[in-house]
Number of protein chains: 2
Amino acid sequence: MKATPLTVASIVEAAADLADATGFDSVTLSAVARRLGVRSPSLYSHVKDRDALLEGVTVLALTELASRVSVAVAGRAERSALEALADAHRDYARESPGRWDALQRPVGEEAARSAGARDIVALTAAVLRGYPLPESEHVHAVRFIGSTVNGYLRIERNGGFAHSRPSAAVSWHRIIDALDAALRAWPAPSEGERP
Amino acid sequence: MKATPLTVASIVEAAADLADATGFDSVTLSAVARRLGVRSPSLYSHVKDRDALLEGVTVLALTELASRVSVAVAGRAERSALEALADAHRDYARESPGRWDALQRPVGEEAARSAGARDIVALTAAVLRGYPLPESEHVHAVRFIGSTVNGYLRIERNGGFAHSRPSAAVSWHRIIDALDAALRAWPAPSEGERP
DNA sequence: CGATATACCTAATGCTATTAGGCTTTGTCC
DNA sequence: GGACAAAGCCTAATAGCATTAGGTATATCG
């Protein structure tokens with residue numbers, strides 16, 4: 001009867017697909033079970049609880065995003081690499097809105113230690129190579145880029161730009177320009193700011 | 001018997017307090033009703049549904065944040081104003097985590113049109129006065145600042161910086177420095193980027 | 001062939017949002 | 001002052017959700 005037996009991976013994938021299709025908040029164990037043609041208690045043999053399932057979607061999204069970023073920035077440097085990194089994030093957020101939302105939740109142990117998370121940080125740091133920043137400033141610059149890109153996409157997604165002109169699309173390039181400018185003009189740390 | 005009769009304002013405030021105390025997701029009509037010493041169906045006379053209640057908390061948070069930012073940036077300019085604006089956001093996020101979470105949800109009509117939202121945008125634009133940006137670039141710069149500040153605080157809050165060194169506190173000042181640098185070195189729009 | 005483990009199932013509990021309709025208190029109009 | 005009406009709260013009921021407990025069939029292994 002069972003065409004495919006349930007596995008953690010298939011459950012997480014179904015949850016991610018459901019998130020993309022009907023919104024992250026609609027990812028309930030019931031809905032995922034329905035989609036898999038199974039009763040919800042059956043999922044508990046494979047997944048600890050709902051929170052663990054959502055964490056699984058987060059890890060999946062991190063992995064997928066890392067892969068896209070990796071391809072995007074390969075063979076590029078400086079502004080071109082920065083733009084590719086940002087656009088990879090934006091494309092992912094657009095194409096997989098539910099998976100993207102999974103990235104915007106408190107990170108658990110598993111997600112924090114995941115290869116995807118590590119890779120994204122490493123790839124962001126790699127983009128900095130072309131810029132005149134001392135190694136000691138890389139952490140801060142990575143956080144800066146991450147904050148701006150994520151912050152922008154989140155506000156755009158939440159409709160924060162929808163009620164004002166010009167459209168968010170126009171600002172996107174200006175924001176990347178500004179990031180590029182900030183990295184070129186990266187300020188020297190003052191007295192109390194050195195770690 | 002009724003010390004204070006139920007009002008929309010008292011319900012929204014109770015919801016906001018509950019969000020700060022036990023997390024935004026724990027703001028259920030049941031819990032709010034309990035806190036008010038009332039049965040949950042009674043709330044429906046004042047509030048359309050749970051979503052409207054949460055939207056109310058968002059509007060409240062926007063109002064409070066606008067007020068704080070307003071006080072913070074008064075009498076300051078340039079980097080000092082920028083830092084005050086960012087710190088006002090950060091302080092609010094710390095002191096009222098639940099209310100702050102209310103700011104991170106899809107904005108409804110009411111929140112988008114609220115005075116608080118408008119004020120925060122206006123105050124952010126005011127910070128730009130000291131910087132050499134043409135008026136036409138202000139929209140983009142406001143979005144840039146908003147994205148970075150919100151993005152940083154969100155990642156910090158979600159624990160995204162918790163697993164790496166140095167602590168998030170150190171980066172915060174570097175991020176403000178970087179924002180300041182970006183505004184000073186604001187790039188001229190290229191061909192296709194002019195609205 | 002029988003024992004065991006796997007992988008699903010049904011049943012049950014307790015939480016939530018939400019709707020429908022009742023009761024009690026309070027103010028209002030004559 | 002008294003009848004009336006409207007607030008403003010209540011109880012009752014439905015339906016969906018997460019989660020636990022325990023049953024059953026199928027396939028594996030000795």
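A note on names: the letters A, B, ... follow the listed sequences, proteins ahead of strands, and every chain is numbered from 1.
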Less than 4.0 angstrom between a side-chain N/O of [X] and OP1 or OP2 of [N], yes or no?
| X | N | result |
| --- | --- | --- |
| B:R39 | D:dC10 | no |
| A:S42 | C:dC9 | yes |
| A:S30 | D:dA18 | yes |
| A:R34 | D:dC17 | yes |

*Find the distance between CD (A:E137) and CG (A:L183) and round it off to the nearest 0.5 Å.*
11.0 Å
*Specify the residue among B:L6 and A:A31 whose closest nucleotide of DNA chain D lies further upstream toward the 5′ end.*
B:L6
In this structure, how many angstroms lie between the [atom2] atom of [N] and the [atom1] atom of [X], rounded?
| X | N | atom1 | atom2 | answer |
| --- | --- | --- | --- | --- |
| A:D51 | D:dA18 | CG | C1' | 12 Å |
| B:L43 | D:dT11 | CG | P | 13 Å |
| B:L29 | C:dT19 | CG | P | 11 Å |
| B:R50 | C:dA17 | CZ | P | 6 Å |
| A:L54 | D:dT19 | CG | P | 10 Å |

*Could you please name the option among C:dT16, D:dA18, C:dT18 that lies closest to any side-chain atom of A:Y44?*
D:dA18
_Checking contacts here: which listed nucleotide (C:dC8, D:dA18, C:dA11) is nearest the side-chain heavy atoms of A:H46?_
C:dC8
*Would you check if there is a donor-acceptor pair between the side chains of B:E64 and B:Y92 at a distance under 3.5 Å?*
yes
*Same apolar cluster: A:V59 and A:L18, side chain cutoff 4.5 Å*: no
*Is it true that B:Y152 and B:W172 have ring centroids separated by less than 6.0 Å?*
yes
